[in-house]
Student: 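Handing you a structure now.
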Amino acid sequence: QVQLVESGGGLVQPGESLRLSCAASKFTLDHYTIGWFRQVPGKEREGVSCISSSDGSTYYQDSVKGRFTISKDNAKNMVYLQMNSLRPEDTAVYYCSAHRGVVAGPLCLVYEAYDWWGQGAQVTVSS
């Protein structure tokens, strides 16, 4: 049973940074496409960033390009989302997700591509 556990959320002021971590257990990341999604109450879960299992290509939602960076440490079985220059509109619950195999290009930002999900981590950006 694949398990994903997010950590690193919290309350920050606009312009500050946070790094979310996703610990994977009972599987190894090498063959999995990993995505970060976020959701606010009343809205659909949206893709923020993802990293391909085949070549490590990364993809980002337009609103976070240049501010967020996804990375993966296969040795530690960890995935990270470094979030800089945070804005109030980044406030959401952030979820880590996994799909065994390759997801074609930016389709890895699509919710339906994933099979497993973490429990989520709250990120609040407010002054």
Student: If only atom types and distance count, is the side chain of Q39 paired as donor or acceptor with the main-chain N or O of E44 below 3.5 Å?
Tutor: no

Student: Between T33 (side chain) and G101 (backbone), is there a donor-acceptor pair under 3.5 Å?
Tutor: yes

Student: Under 3.5 Å, side-chain donor or acceptor atoms of residues 90-98 against the rest of the protein: list the pairs with distances, not counting sequence neighbours.
Tutor:
from: D90; atom 1: OD1; to: R38; atom 2: NH1; distance (Å): 3.0
from: D90; atom 1: OD1; to: R67; atom 2: NH2; distance (Å): 3.1
from: D90; atom 1: OD2; to: R67; atom 2: NH1; distance (Å): 2.8
from: D90; atom 1: OD2; to: R67; atom 2: NH2; distance (Å): 3.4
from: D90; atom 1: OD2; to: R87; atom 2: N; distance (Å): 2.8
from: T91; atom 1: OG1; to: P88; atom 2: O; distance (Å): 2.9
from: T91; atom 1: OG1; to: V125; atom 2: N; distance (Å): 2.9
from: T91; atom 1: OG1; to: V125; atom 2: O; distance (Å): 3.4
from: Y94; atom 1: OH; to: R38; atom 2: NH1; distance (Å): 2.9
from: Y94; atom 1: OH; to: D90; atom 2: O; distance (Å): 2.6
from: S97; atom 1: OG; to: G35; atom 2: O; distance (Å): 3.1

Student: Tell me, do L81 and T69 make a side-chain contact under 4.5 Å, heavy atoms counted?
Tutor: no

Student: So, S126 and T124: side-chain donor and acceptor under 3.5 Å apart, yes or no?
Tutor: no

Student: Out of curiosity, does F68 fall in the hydrophobic cluster containing Y111 (side-chain heavy atoms, cut-off under 4.5 Å, transitive links)?
Tutor: no

Student: Side-chain contact test, heavy atoms from C-beta onward, threshold under 4.5 Å: evaluate it for S21 versus M78 and give yes or no.
Tutor: yes

Student: Looking only at heavy atoms, what is the nearest atom pair of G8 and L20, with distance?
Tutor: C-CD2, 3.6 Å

Student: Taking C-beta and beyond as the side chain, do K26 and V2 meet within less than 4.5 Å on heavy atoms?
Tutor: no

Student: Does N77 use its side chain to pair, donor to acceptor, with the backbone of F27 at less than 3.5 Å?
Tutor: yes

Student: Does Y60 share a hydrophobic cluster with M83, counting links as ILVMFWY side-chain heavy atoms below 4.5 Å and allowing steps through other members?
Tutor: yes

Student: Keeping the roles fixed (side chain from S85, backbone from G15), state whether a donor-acceptor pair exists under 3.5 Å.
Tutor: no

Student: Find out if a path of hydrophobic residues (ILVMFWY) with successive side-chain heavy-atom gaps under 4.5 Å connects Y80 to I51.
Tutor: no

Student: So do the side chains of V5 and Q119 get within less than 4.5 Å of each other, counting heavy atoms only?
Tutor: yes

Student: Can you find a heavy atom in the side chain of Q82 that is under 4.5 Å from one in the side chain of S17?
Tutor: yes

Student: In sequence, state the C-alpha distance, the side-chain angles, and the governing distance for H99 and D115, and then conclude on side chain to side chain contact (heavy atoms under 4.5 Å, CB included).
Tutor: CA-CA 5 Å; H99 169 80; D115 310 298; 2.8 Å; yes

Student: Same cluster or not: V103 versus I70, using hydrophobic residues (I, L, V, M, F, W, Y) connected whenever any side-chain heavy atoms lie under 4.5 Å apart?
Tutor: no

Student: Check ring-ring contact (aromatic ring centres under 6.0 Å, His included) between F37 and all other residues, then give those that pass, not counting sequence neighbours.
Tutor: Y114, W117

Student: Between Q3 (side chain only) and S25 (backbone N and O only), is there a donor and an acceptor less than 3.5 Å apart?
Tutor: no

Student: Tell me whether V64 is reachable from L109 by hopping between hydrophobic residues (I, L, V, M, F, W, Y) whose side-chain heavy atoms are closer than 4.5 Å.
Tutor: no

